[in-house]
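Beneath this line is the structure, given in structure tokens, with notes to follow.
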Amino acid sequence: MIASPLSLEDARARDAADPLRGLRSRFGLPRNDRGEPLLYLCGHSLGLMPLAARDEVAQELEDWERLGVIGHHSARRPWIPYQEALRPQIAQLVGCRDDEVVLMNSLTVNLHLMLASFYRPAGARRSILIEAGAFPSDRYAVISQLQWHGLDPRESLIELAAQPGEDVIREEAIESVLVRRGAQIALVLWPGVQYLTGQAFDLARIAAAARHAGAVIGFDLAHSVGNMPLMLGESEPDFAVWCSYKYLNAGPGAIAGCYVNARHFAEPGRQRLAGWWGHEMATRFEMTHDFRAAQGAPGFQVSNQSTLSTAPLIASLSIFREAGMARLRAKTLALSAFLGRLLAERTPELQPVTPPETAARGAQLSLRIDGGATRGRGVFSWLTQHEVVCDWREPDIIRVSHVPLYNSFEDVFNFAECLRRALRETE
Ligand SMILES: *Cc1c(COP(=O)(O)O)cnc(C)c1O
């Protein structure tokens, strides 16, 4: 028997059975001039606004207006300990102890701070290993750190590429380079989910291989946090960094996150670029001459924190708490499987770049448009004109994401239909 093609009714039936369907109404959905919602599939780039974020931000503005400096202690959420209530929730999302996480700065700044502490080239062990095609900001950060230490990136940066003809980088290849060149490698910086291909990695396996080679291991979780279930307590990297504006929906430029593994807390001599906010809380305001680091990840803070860029995260985390990561992950996989079937029916000529295995995927799907950049850009601009919000990465990749908090099976269905028409009408 030949199964009939999936229909809009199939999508609607899945939405009706979705226990998380009600969460969509808690987010602002971008709209066109006529007030109709766009087809938003770009949560991998900027998550949508939790409507409750407005009140959280307004509360800080009101308290500032009403209290001035007194708000540090007496705001409804006092500003000095503002993030204390959030750290356990963040720790739960990344799967670690509360004192191993801190909210501070933005992602690339945190990466630099962590590299300042953990990238300590010595003797022959000087190289940094990253994936080929890394997010440019990470690559710039790593190269400038090598140069900061007087090293030549042409010698000391190792970029591991996929096998010819493949897009995904196999964990075996990472293990193998760590065996072959391990004695040279001081630090491995690896993404949890690769931003371009959407490939999710086995982080425990990569961390174990790095440790075995004697290298420091840091993760960039920009595309993982709020997307994949994470267990840093099991993979135990030395450090990890992430932003909060992608799957964590905390708004453009929101406060970022940082993890430091507890085994580093006992090292009094751990180098860091210090500032007063990393000073131990009890004596921070005595304004003493000598820096004494706070226990745990908070000891890596530099400046006092922006409450306005943290407030929206409070609204988002409360939705995460309600939904639960297990249910979100189950919906991600259901959306992914549904989209996979739809595309196989409607656009069989398209090549998904993201690996098909569920463990290697989150909410993002990257699709290669054959026929060169001009064709690809044509398809992408057709989608844009038809109010599909996704993104385009040179030379030939369209990225979409189905975020379980606010995307529906109907969204995914509509996307597959649009893509089919886009391919046909731009031939
Ligand atoms: C989004 C993203 C960034 C952005 O860096 P900012 O410092 O937040 O501007 C950096 N690296 C990766 C891997 C990203 O996905």
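Both ligands and their constituent atoms are indexed starting at 1 by order of listing. Computed from a prediction, not measured in an experiment: that's the story for all the values here.
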Check your understanding: Can you list the steps and then say if Ile128 with Ile158 is a side-chain contact (heavy atoms from CB on, under 4.5 Å)?
Key -> CA-CA 6 Å; Ile128 299 181; Ile158 305 175; over 6 Å; no
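- Shown are Met114, Arg211, Arg263; of these, the side chain to side chain contact (heavy atoms under 4.5 Å, CB included) with Asp238 is made only by Arg263.
- The distance from ligand 1 to the heavy atoms of His223 drops below 4.0 Å at these ligand atoms: 15 (O).
- The neighbour count for Gln92 CD, taken as heavy atoms of other residues, nucleotides or ligands under 6.0 Å away, does not exceed 12.
- For atom 11 (N) of ligand 1, the closest heavy atom belonging to the protein is Asp138 OD1, 2.5 Å.
- Among protein heavy atoms, atom 15 (O) of ligand 1 sits closest to Lys246 NZ, 2.5 Å.
- Note: Trp277 and Phe285 meet the aromatic proximity criterion, with ring centroids under 6.0 Å apart.
- Atom 4 (C) of ligand 1 has as its closest protein heavy atom Tyr245 OH, 3.1 Å.
- From the protein, the heavy atom lying nearest to atom 7 (O) of ligand 1 is Thr108 OG1, 2.6 Å.
- The nearest non-hydrogen atom to atom 13 (C) of ligand 1, considering only Asp220, Leu46, Leu221, Asn105, comes from Asp220.
- Panel note: side chain Asp98, backbone Ala91; no donor-acceptor pair is recorded below 3.5 Å.
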